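Comments concern the structure below.
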Amino acid sequence: MRCQPLILFLSAFSYKNVDYCHCPRSLFVLLDIPKQPQSHFRFAHSQCSSQSQSHHFPLHSSLFSLVEPIICQNPAEISSFAAVFNFLTGRNLLRLGRQVHAQMTLRLVEPNAFLGAKMIAMYASSGDLDTAVTIFDRINNPSLLLYNSIIRAYSLYGYPHKTIGIYTQMQSLGLQGDHFTYPFVLKCCASNVWMGKCIHGISLRIGLEIDMYVGTSLIDMYVKCGEISEAHKLFNGMIVRDISSWNALIAGYMKNGEIYVAEDLFKRMVRRNIISWTAMISGYTQNGLAERALDVFDKMMEEDSEVKPNWVTIMSVLPACAHSAALERGRKIHKFANEIGLGSNVSVQTALVAMYAKCGSLVEAHQCFDKIHQQKRNLIAWNTMITAYASHGHGLESVSTFEDMIRVGVQPDTITFTGLLSGCSHSGLVDLGLKYFHCMTKSYFVEPEVQHYACVVDLLGRAGRLVEANNLINQMPMQAGPSVWGALLAACRKHRNLELAEAAAKKLFVLEPDNSGNFVLLSNMYAEVGMWKEVDNLRAMLKNRGMRKTPGCSWIEINGKAHMFLGGDTSHPQAKEIYMFLKELPEKIKGVGYVPDTSLVLHDVSEEEKEHNLSAHSEKLAIAFGLLNTSPGVVLRVTKNLRICVDCHTATKFISKIYGREIIVRDVNRFHHFFDGKCSCGDYW
DNA sequence: CTAGGGTTAG
């Protein structure tokens with residue numbers, strides 16, 4: 001094989017699309033390796049340092065034999081090596097890169113600033129920042145290009161201090177930085193407006209603010225520092241505006257909760273790309289408007305055929321399905337993701353696991369997790385699966401998944417333990433949970449945080465060990481947050497400890513003054529023991545603060561369409577049938593042992609809600625609607641915005657028995673699988 | 001070179 005064309009080819013291919021027709025056949029081996037999306041940067045980092053490295057690079061020796069002739073024929077050619085490193089950049093081929101590097105060293109090729117920059121780019125993109133830094137340190141006559149590549153590396157790895165340090169060092173050498181430097185330096189000012197403003201000033205002084213990339217980076221910087229008006233000012237003053245400048249501003253307004261401004265900007269855009277659409281979709285999701293997110297996704301698919309959804313788009317729309325428990329929608333998007341070749345993207349797969357779990361289909365969630373290639377299973381993927389099991393009350397599976405994760409050498413983090421501990425508490429695995437809690441620092445190097453304490457308070461509390469739970473709160477090394485007191489309050493409700501409940505509620509009224517749920521819970525406890533004066537006091541407090549009890553709301557998806565019910569709702573077209581069904585229900589299930597729990601009827605907060613008697617609870621309406629509109633054997637999946645009430649829980653158990661149905665209810669904090677008269681929570685929720 | 005991003009407790 002002649003080598004010069006190969007070098008030319010490699011360098012050309014690294015920059016632009018190349019006409020494939022003239023390539024030697026063997027080169028297709030090289031061509032088949034896609035450039036990795038940038039996120040692999042971060043993950044490659046941890047993957048490469050784990051022991052399973054060798055599985056990543058099965059192609060190395062054959063690839064190396066392709067690259068070798070170039071090196072052999074031009075042993076001292078800096079440009080040959082530069083072309084090869086350039087090609088390897090972004091392809092996650094660390095070992096091959098190291099082989100080339102070794103050959104280079106053997107042939108006594110000393111890298112200059114140009115070659116050094118290419119090497120740094122290769123190492124940084126393959127997850128080996130340390131080597132990139134070493135190379136940088138050894139180059140004697142650094143150039144702007146060299147500085148840019150190390151700044152890029154540091155900034156993408158998320159080391160703001162290092163980036164700024166190198167940038168300062170560069171300045172002290174008299175190198176100003178160019179339009180390639182500033183986007184990366186600005187990325188590091190995300191939470192430091194002061195620094196951002198300094199860099200902004202410098203870029204103005206050297207006349208870079210007219211650069212599109214620098215301009216957009218400045219907008220993004222101000223957005224990330226929470227100074228949206230500053231960002232908008234910059235946007236207005238920009239001479240050359242790009243789609244990305246609009247996108248950055250739209251995303252900023254969405255993050256700031258100013259949806260209308262974002263919508264207006266989006267409407268005013270002359271041209272939109274996939275990022276504009278994705279910004280809208282994820283913006284809606286972030287602001288809790290899942291339905292709108294799904295609508296925008298559909299609209300994009302209908303109206304804008306130019307635009308092609310990518311993995312970020314899919315990842316942004318799946319949480320919207322999860323949020324609204326739209327299982328059918330989620331399945332469709334899953335199919336679509338497979339069609340456009342995103343089926344083996346870890347991030348998409350992880351989003352799928354979460355979506356299926358949150359839509360109540362633990363089976364499909366697990367199937368998706370299984371399909372994630374062993375080596376690609378990163379921290380987030382494991383966390384998602386552990387949390388999925390936890391929310392479905394499969395504590396033992398949470399634990400065994402956690403142990404698998406440890407076995408394959410993935411280091412757990414704080415979220416892993418919240419998942420694991422909540423799994424233990426949802427399943428009543430008190431001792432196991434306590435064991436993990438007590439050894440998490442020593443064995444796994446994860447320091448307990450507030451949310452872990454909340455899980456353990458919940459764990460002890462559900463089991464009735466209220467005094468221990470309370471003691472734990474007193475021993476906490478940090479301030480107990482709302483989640484901790486909330487867990488204690490819920491436990492006190494379950495085990496009827498009014499004294500502790502009052503203490504917990506008192507804290508919560510201060511910590512969460514807008515959460516009516518705490519008032520309602522305590523009021524229900526007073527009512528249970530007939531302390532009506534206290535009930536009245538709490539009602540008055542609610543009223544004074546202008547709050548109302550959050551109305552109960554449930555929905556069920558049938559044939560891909562969501563049907564929503566409020567407590568006592570009569571507005572549904574089939575309301576008559578539903579109420580007829582519910583009227584006859586108690587008599588039917590009394591036959592198999594149902595005893596209505598009417599205690600809660602008396603405790604509704606406001607008078608007008610008294611009419612919403614037990615049979616009209618929103619979850620019952622949804623279940624009745626489901627039974628009336630599906631064929632026998634179909635699984636019913638109901639989602640509720642609050643916790644399921646005791647009577648509905650009991651009734652649903654009996655319904656599952658006499659109708660032979662599997663009914664899956666997602667309430668605010670967990671899943672209940674009803675089947676054959678039993679619930680997966682074991683009445684432990 | 002810039003813009004969009006999957007996992008968190010009651």
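Below, each value reflects all heavy atoms present in this structure, side chains not excepted, and no hydrogens, waters or symmetry copies. Computed from a predicted structure; not experimentally measured. The chains referred to below are lettered A, B, ... by the order of the sequence lines, with proteins before strands, and numbering in each begins at 1.
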Carboxylate-amine/guanidinium contact [X] [Y], below 4.0 Å:
{"X": "A:R292", "Y": "A:E263", "value": "yes"}
{"X": "A:E364", "Y": "A:R331", "value": "yes"}
{"X": "A:R268", "Y": "A:D264", "value": "yes"}
{"X": "A:K494", "Y": "A:D683", "value": "no"}

Between [X] and [N], is there a side-chain N or O to OP1/OP2 distance below 4.0 Å?
{"X": "A:K255", "N": "B:dG5", "value": "yes"}
{"X": "A:T384", "N": "B:dG6", "value": "no"}
{"X": "A:K187", "N": "B:dC1", "value": "no"}
{"X": "A:H426", "N": "B:dG10", "value": "yes"}
{"X": "A:R462", "N": "B:dG10", "value": "yes"}
{"X": "A:K507", "N": "B:dG10", "value": "no"}
{"X": "A:Q286", "N": "B:dG5", "value": "yes"}

Just how far, in rounded Å, is [atom2] of [N] from [atom1] of [X]?
{"X": "A:M280", "N": "B:dG5", "atom1": "CE", "atom2": "P", "result": "13 Å"}
{"X": "A:K224", "N": "B:dT2", "atom1": "NZ", "atom2": "C1'", "result": "10 Å"}
{"X": "A:L489", "N": "B:dA9", "atom1": "CG", "atom2": "C1'", "result": "15 Å"}
{"X": "A:N378", "N": "B:dG5", "atom1": "CG", "atom2": "C1'", "result": "13 Å"}
{"X": "A:E512", "N": "B:dA9", "atom1": "CD", "atom2": "C1'", "result": "12 Å"}
{"X": "A:W311", "N": "B:dG6", "atom1": "CH2", "atom2": "C1'", "result": "9 Å"}
{"X": "A:H452", "N": "B:dG10", "atom1": "NE2", "atom2": "C1'", "result": "15 Å"}
{"X": "A:M440", "N": "B:dA9", "atom1": "CE", "atom2": "P", "result": "15 Å"}

Checklist line | Sub-4.0 Å heavy-atom contacts from residues 476-487 of chain A onto DNA chain B, ordered by number | finding: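 Residues of residues 476-487 of chain A that come under 4.0 Å of DNA chain B are, in numerical order, A:P482, A:S483, A:G486, A:A487.
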
Which part of the nucleic acid does [X] contact within heavy-atom distance under 4.0 Å: base, sugar-phosphate only, or nothing?
{"X": "A:L342", "result": "nothing"}
{"X": "A:F184", "result": "sugar-phosphate"}
{"X": "A:R272", "result": "nothing"}
{"X": "A:D178", "result": "nothing"}

Selected nucleotide, minimal atom distance to [X] side chain, candidates [options]:
{"X": "A:S347", "options": "B:dG5, B:dA9, B:dA3", "result": "B:dG5"}
{"X": "A:H179", "options": "B:dC1, B:dT7, B:dA3", "result": "B:dC1"}
{"X": "A:L508", "options": "B:dG10, B:dA3, B:dG6", "result": "B:dG10"}
{"X": "A:N383", "options": "B:dT7, B:dA3, B:dA9", "result": "B:dT7"}
{"X": "A:T278", "options": "B:dG4, B:dT2, B:dG5", "result": "B:dG4"}
{"X": "A:I275", "options": "B:dG10, B:dG4, B:dG6", "result": "B:dG4"}
{"X": "A:F180", "options": "B:dC1, B:dA9, B:dG5", "result": "B:dC1"}

Check: In terms of ring plane angle, is the pair A:F519 and A:F509 parallel, tilted or perpendicular, where the classes change at 30° and 60°?
Finding: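 Geometry flag for A:F509 against A:F519: parallel rings.
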
Check: Should the ring pair A:Y182 and A:Y167 be called parallel, tilted or perpendicular, given that the plane angle runs from 0 to 90° and is split at 30 and 60?
Finding: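 Perpendicular, since the angle between the ring planes exceeds 60°.
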
Margin query: A:S316 and side chain to side chain contact (heavy atoms under 4.5 Å, CB included): which single residue from A:I314, A:V312, A:T313 fits?
Written below: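 Running side chain to side chain contact (heavy atoms under 4.5 Å, CB included) over A:I314, A:V312, A:T313 with A:S316 returns exactly one hit, A:V312.
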
Note to self: Base of B:dG4, side chain of A:N310 - is there a donor-acceptor contact under 3.5 Å?
What the structure shows: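 When only heavy-atom distances are counted, A:N310 does reach the base of B:dG4 through a donor-acceptor pair under 3.5 Å.
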
Next item on the list: Kindly indicate whether the side chain of A:N669 and the base of B:dA9 share any N or O donor-acceptor pair separated by less than 3.5 Å?
Entry: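 Such a pair does not exist between side chain and base.
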
Check: With a 4.5 Å limit on heavy-atom distance, are the side chains of A:M238 and A:I219 in contact?
Finding: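 With C-beta onward as the side chain, the pair touches.
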
Notebook entry, point to check: With sequence neighbours left out, what residues match A:I166 under side-chain contact (heavy atoms from CB on, under 4.5 Å)?
Noted result: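 In terms of side-chain contact (heavy atoms from CB on, under 4.5 Å), with neighbours along the sequence ignored, A:I166 is linked to A:F136, A:Y147, A:I150, A:I151, A:Y154, A:Q169.
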
